[in-house]
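Note on naming: letters A, B, ... go to the chains in the order of the sequence lines (proteins, then strands), and numbering restarts at 1 for each one. Everything quoted here is computed from the prediction, not taken from an experiment.
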Amino acid sequence: MAEKLGKGRTSQKAQHNAEKAEAVASPGEGQGAPVQPDQVLFPPSFSVSEIKNKQRRHFMFLRWKQQQRKEKLAIKKKRKKEREALGDKAPPKPVPKTIENQRVYDETTVDPNDEEVALDEATDEFAPYFNRQTVPKILITTSDRPRGKTVRFCEQLSKCIPNSHVYYRRGLALKRIIPQCMSRDFTDLIVINEDRKIPNGLVLSHLPDGPTAHFRMSSVRLRKEIKRKGKAPTEHQPEVILNNFTTRLGHSIGRMFASLFPHDPQFVGRQVATFHNQRDYIFFRFHRYIFKNEKKVAIQELGPRFTLKLRSLQKGTFDSKFGEYEWIHKRHEMDTSRRKFHL
Amino acid sequence: MASPARGNHVWVGSETGILKGINLQKKQATNYKFGDAVLSRHEAVTTMCWGDPYESEIYVGCLDGSVKLFSTEKGKFTESRDCREGEGPFCGLAVLDGSLITCVQSGLLKVWRDTSSENVEIQVGPGVCRMCQNPEQLHRVATGGKENCLKVWDLHQPQEPIFRAKNVRNDWLDLRVPIWDRDMQFLPGSEKIVTCTGYHQVRLYDPSSPQRRPVLEATFGEYPLTALSLTPDANAVVVGSSRGDVAVIDLRQGRLVKCLKGFAGSVRAIQCHPALPLVASCGLDRFLRVHNLHQKRLEHKVYLKSRLNCLLLTSREKWENEDSPAELQSDVKEEEDDEIWNSMEVVATKRKAETQPCCESGNKEPRKDKPSRKKKIRKAES
């Protein structure tokens, strides 16, 4: 039995190699012609795609596909059996390699015990918010003449962020809006840019002395487009979750998002705003949760969802011409490795 | 006597008020603070300059108007004096005959003599962005800033500038061209001055010629140029922009020679080594970078945790040898009785001959170490 199994495996292996050589391998090779192990196997010139009869070709292809599946299952079963046989001594399951866990080491990753970075953060532009000296007050506006989706998106965004006001842009220049905002005690300014009626950019500026971040925005889903959504969000102050902002730049961006929401969330509302960073893309989600029992929690999505990608971080308030950039994404210089991330 | 601070190659002043010494050979960065004071952004380092030609002292100008003296031999701050006069941060710092020259943004240039009656005060006009000293004629300084055209001052005759630049001609729409000199430097061996502006121009002025307008103008990129430094041969200038674009521009034809890569944010300071083809730069992206000018290669990249405002690069030529303590001590001695060494050149060459074997031995030592380590490992294995 064992020998037979082994032989079967070798033939499979040989066939597997042949398949590797050919883009589409021959299906009949494994079962039809018996393979002599001593013989040198040339990659067979025959492939399924060469069969002229469509019906036949389809049939052969299905058979080949089926066989592949069988092999795969067999290997899986065997592995499982081996693991069961070993019991507790079984080696731990290998962790799959992903781009994130193979990430190139970034030297700016913030060490929580680092005094200098802590000092830098304790005295930066967001310090008044984190020391509870200011209450966030946010102005949301758009590019000139916003159309359907952008207008609704602004409304829904202002529902998520407490104490935020949507204003029509009225063709005003940002540099003239900013002093007016400062005189009216706004702490942040959000400008949503649209292109062909679809929101595609977001400028987030902290007032009064910056910084200003410029994001590319994509995959905007309004409430209406979300399936299985909950009832409209309430007025309660939401909780905020910031995920995976690990580098120094990520910390600055994370603090920027955090300073949009007031301190002391109202847990009665059971609402959470999430900024999740994965591979430098920041995903925003707005949920309501409920405790089903001691162990289970259910969530339902409420608000708009969108994805952000940082393009630049500028010191000071918005000044695209004479402002000094703290970080700017240069694609051809920075994106040298798929495993290098900046946030 | 010789502290490890002497071996540092680059000194960087940060926005958090920390002076950082970086040894590129050992890949070490050390923080230096003034006393036990709690740091704050009010003490951000805005300018730095060498206190003496032997680079044993550094003057550090802070945002709160104090100037601190750092001794690289002792490795600590030794003195702090209050030079608060005028308004705004320091935009230039220099030393003349042991007295300090400061210039603040509001336009007050002041020479701090020992007695206050001898202090020289000059109003150079508002909006100053940079004050820079002529390294060959120390009593001459240049100033320039926003809507404040380039002026060269002789500190012995502080009434009138010896050179006042004239704005370039109106543009093709007959509109006045705005002025915004961000950084400047004197060309060695001539009176020429090279400046870079916030409107992305690089200009070359020649006070010795009757023309008061720039004799050469080149533009680079579309963003404000924030810093510049002359290359060792003084034929080209390295400029950095607020977007992190750094380029080498030829001063004879005004042509772009090459660009240096790897910057993520605004460049605040650039300095070239006077002999080696190296250029150090730092800026808002919190990195110190050292490039090779010939090969455009990034030689060193050091993360320094805070935004960096200014830097000083040592002018020593032998970077490798200074680790050996013998060399260090001889360096210190040389400074102490420099005159004697100057009078005895023959001895100086002998000293070089002597030091070479000592540094060789310094190199050998680690080699000796290696086999012993191996032995240890073997022992551990057995």
(message) Quick check on B:Thr226 against chain A: is it the side chain, the backbone, both or neither that has a heavy atom closer than 4.5 Å?
(response) side chain

(request) Let me know if B:Leu304 has heavy atoms under 4.5 Å from chain A in its side chain, its backbone, both or neither. (result) backbone

(request) In plain terms, say whether A:Glu324 and B:Arg307 are close enough for a salt bridge, that is, a side-chain N and a carboxylate O under 4.0 Å apart. (result) no

(request) Answer with side chain, backbone, both or neither: which region of A:Glu116 has an atom nearer than 4.5 Å to a non-hydrogen atom of chain B? (result) side chain

(request) State whether A:Glu125 and A:Arg255 are salt-bridged, where the test is any N-O pair (Lys NZ or Arg NE/NH1/NH2 against Asp/Glu carboxylate O) under 4.0 Å. (result) no

(message) Whether B:Arg41 and A:Asp120 form a salt bridge (side-chain N of Lys/Arg under 4.0 Å from carboxylate O of Asp/Glu) is what I want to check.
(response) yes

(message) So for A:Ser320, is it side chain, backbone, both, or neither that comes closer than 4.5 Å to the heavy atoms of chain B?
(response) backbone

(request) Select, from B:Lys301, B:Glu15, B:Lys305, the one with the greatest count of heavy-atom pairs under 4.5 Å involving chain A. (result) B:Lys305

(request) Counting only heavy atoms closer than 4.5 Å, note whether A:Glu326 contacts chain B via side chain, backbone, both or neither. (result) both

(message) Quick check for you: among B:Ser242, B:Gly244, B:Gly265, B:Ser14, which has the greatest number of heavy-atom pairs under 4.5 Å with chain A?
(response) B:Ser242

(message) Aromatic contact between A:Phe257 and A:Phe215, with the criterion being ring centroids under 6.0 Å apart: yes or no?
(response) yes

(message) Check for me whether B:Arg243 meets the cation-pi criterion with B:Tyr223, that is, NZ or CZ under 6.0 Å from the six-membered ring centre and within 45 degrees of the ring axis.
(response) yes

(message) Is A:Lys321 in contact with chain B via its backbone, its side chain, both, or neither, using a 4.5 Å heavy-atom distance?
(response) backbone

(request) Identify whether the distance between the nearest side-chain nitrogen and carboxylate oxygen of B:Arg130 and B:Asp181 falls below 4.0 Å. (result) no

(request) Decide yes or no for B:Cys310 and B:Arg268: does some side-chain heavy atom of the first lie under 4.5 Å from some side-chain heavy atom of the second? (result) no

(message) Counting heavy-atom pairs closer than 4.5 Å to chain B, which one of A:Val117, A:Leu249, A:Asp114 comes out on top?
(response) A:Asp114

